[in-house]
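Here's the structure, in structure tokens; my notes come after.
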Amino acid sequence: MLDVRRLRLLRELAHRGTIAAVAEALAFSPSAVSQQLSVLEREAGVPLLERTGRRVALTPAGRNLVRHAEAVLERLELAGAELVDARQGLAGPLRIGTFPSAARAIVPGALLALAREHPGLEPMVAEMDPAGVADALRAGELDVALVHDYDFVPSPDEPGLATEPLFTEAMYLASAATDGPAAGGDPVAARRDSPWIMGTPGTLCRTMAVRACEAAGFTPRVRHQVDEFATVLALVAAGQGVALVPRLGAVDRPPGVTLTELAMCRRTRTAFRSGAAAHPAVAAFTAALRTALPLPAPDLDRPGAGPGP
């Protein structure tokens, strides 16, 4: 009989690529991971890994077993959801991942609604970039998460995970009101000579902004690297450059910033392990999120804030 815990380790190795990465993610020692995978190979009766120096790769039998492991783990999520549903009331921790702008604008209202309907639940919120959510969900560090993608950065399919659409929001070019409006055509292309304020390398926001500039025919000159949109807009107001911000990030626009709506969007979804959509706690949180919508509009009419889009 194959051990489910060892199957999970093999699945993690398939996604993370190295035993060291699996060990770090699951709080094991590398030697413990290697030992458990060796036991799994003996249980399977065929080689699952090919070792070349310090690296390992899955054999065809190993890749096939990972496919079955995904199905087994999904069924276990479904079984867990049914067991929770059989109990009266929801209780215990619910580990939630979210990106910063949603954490500020949507999650607090959702938590209020969740507390009214299910006071026994203990939500635990952690901010993280969507790029790190898949690994955290598969490792069991999160139960549900808010993730997003952009027109220029679509989300890849993640084995072992499922998502549900939540909302779509517009994107804006933020510039200093003293710069004046961009002259016709593509607002992004019109700012090819401006300094840019972008997220830190490796984040989806950074990738989106770089690709949007490249699609407009230029490579941006990045002056500041900032992830928090309130700080980004403060720097724009100070004449430090231009930036791309989503609707959630533009709600509290400071004076001196002009927002120009762009023909691109950011899409937000809830993400969870495959089979967990029916889990009562995940379903309850998703329902609570919807009570926090619709999105607030950007503050475009405040006196002194400059012309709107």
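Along the sequence shown, residues are numbered consecutively beginning with 1. Values reported hereafter were calculated over all heavy atoms of this structure, with side chains retained and with hydrogens, waters and symmetry mates removed.
Note that the CZ atom of R253 and the CG atom of L233 stand 9.0 Å from one another [nearest 0.5 Å]. A distance of 8.5 Å separates OG1 of T291 from CG of L112, quoted to the nearest 0.5 Å. Note that CD1 of I19 is 13.0 Å distant from CD of E12, once rounded to the nearest 0.5 Å. Note that CE of M198 and CE of M208 are 8.0 Å apart. Values are rounded to the nearest 0.5 Å.
A donor-acceptor distance shorter than 3.5 angstrom exists from the side chain of R138 to the backbone of P159, with no hydrogens or angles considered. W196 places no side-chain N or O within 3.5 Å of a backbone atom of L244 that could act as its donor or acceptor partner. Checking side-chain atoms of E117 against main-chain N and O of A284 turns up no donor-acceptor pair under 3.5 Å. E50 places no side-chain N or O within donor-acceptor distance of the main-chain N or O of T59, the cut-off being under 3.5 Å. Between the R192 side chain and the P220 main chain, no donor and acceptor come within less than 3.5 Å of each other. Of the possible polar contacts, none joining the Q36 side chain to the R6 backbone as a donor-acceptor pair under 3.5 Å is found. Between the side chain of Q240 and the backbone N or O of I197 there is no donor-acceptor pair closer than 3.5 Å. No donor-acceptor pair under 3.5 Å is formed between the side chain of R247 and the backbone N or O of V251. H279 places a side-chain N or O within 3.5 Å of a backbone atom of A281 that can act as its donor or acceptor partner. Under a 3.5 Å cut-off, the side chain of R206 and the backbone N or O of G199 do form a donor-acceptor pair.
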Trace of the side chain to side chain contact (heavy atoms under 4.5 Å, CB included) decision for T163 with F272:
CA-CA 6 Å; T163 63; F272 37 82; 5.9 Å; no
Would L94 and F285 count as a side chain to side chain contact (heavy atoms under 4.5 Å, CB included) if you check the C-alpha gap in whole Å, the side-chain angles of each, and the deciding distance to 0.1 Å?
CA-CA 9 Å; L94 177 65; F285 178 65; 3.8 Å; yes
For R269 and S155, what are the C-alpha separation, side-chain angles and deciding distance, and is it a side-chain hydrogen bond (donor to acceptor under 3.5 Å, both in side chains)?
CA-CA 11 Å; R269 295 162 289 124; S155 291; 2.7 Å; yes
How far apart are the C-alpha atoms of R273 and E158, what are their side-chain angles, what is the distance that settles it, and do they pass the salt bridge (charged side-chain N to carboxylate O under 4.0 Å, His left out) test?
CA-CA 10 Å; R273 289 181 290 278; E158 289 284 357; over 6 Å; no
Test log, rule side chain to side chain contact (heavy atoms under 4.5 Å, CB included), inputs F167 and I106:
CA-CA 11 Å; F167 63 87; I106 296 176; 3.3 Å; yes
For D252 and R104, what are the C-alpha separation, side-chain angles and deciding distance, and is it a salt bridge (charged side-chain N to carboxylate O under 4.0 Å, His left out)?
CA-CA 11 Å; D252 294 324; R104 181 185 180 199; 2.7 Å; yes
One pair to check against side chain to side chain contact (heavy atoms under 4.5 Å, CB included): R191 and S175. What are the steps and the verdict?
CA-CA 9 Å; R191 304 296 182 180; S175 58; 3.6 Å; yes
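In terms of heavy atoms, T18 sits closest to A21 at OG1-N, 3.0 Å. Between C205 and Y150, the closest heavy-atom pair is SG-OH, 3.0 Å. Contact record, A113 with A288: CB-CB, 4.1 Å, taken as the closest heavy-atom pair. In terms of heavy atoms, V257 sits closest to A174 at CG1-CB, 4.1 Å. Contact detail for A61 and P47: the closest heavy-atom pair is CB-O, 3.9 Å. A pairwise comparison of heavy atoms in H224 and V222 identifies O-CG1, 3.6 Å as the closest pair.
Using a 4.0 Å cut-off between charged nitrogen and carboxylate oxygen, D151 and R267 count as a salt-bridge pair. A salt bridge between R95 and E122 is absent, with no side-chain N of the basic residue lying under 4.0 Å from a carboxylate O of the acidic one.
The hydrophobic clustering, which links ILVMFWY residues whose side-chain heavy atoms are closer than 4.5 Å, places V147 and L161 together. Side-chain heavy atoms closer than 4.5 Å link hydrophobic residues (I, L, V, M, F, W, Y) into clusters, and following such links, possibly through other members, connects M171 to L204. In the hydrophobic cluster analysis, where Ile, Leu, Val, Met, Phe, Trp and Tyr join through side-chain heavy atoms closer than 4.5 angstrom, V107 is grouped apart from L137. V144 and M128 are members of different hydrophobic clusters when ILVMFWY side chains are connected at heavy-atom separations under 4.5 Å. One hydrophobic cluster, built from ILVMFWY side chains closer than 4.5 Å, holds both V46 and L7.
Contact check for R42 versus S38: side-chain heavy atoms found under the 4.5 Å cut-off. Within the 4.5 Å cutoff, no side-chain heavy atoms of L48 are placed close to those of L58. Within the 4.5 Å cutoff, the side chain of V245 has heavy atoms near those of the L259 side chain. Using a 4.5 Å heavy-atom threshold, the side chains of V188 and F218 count as touching. Side-chain contact between R211 and T207 is present, with at least one heavy-atom pair separated by less than 4.5 Å. Between P100 and D227 the shortest side-chain heavy-atom distance does not fall below 4.5 Å. With a 4.5 Å cut-off on side-chain heavy atoms, V242 and V236 do not count as touching. Looking at heavy atoms from C-beta onward, L166 lies in side-chain contact with L293 at the 4.5 angstrom threshold.
Using cut-offs of 30° and 60° for the angle between ring planes, the H148 and F99 rings count as perpendicular.
Looking at T203 and D129, their side chains never bring a donor and an acceptor atom within 3.5 Å of each other. Side chains of R266 and S101: a donor-acceptor N/O pair is present below 3.5 angstrom, by distance only.
When each of L111, L146, D143 is tested with I96 by the rule side-chain contact (heavy atoms from CB on, under 4.5 Å), just one qualifies, namely L111.
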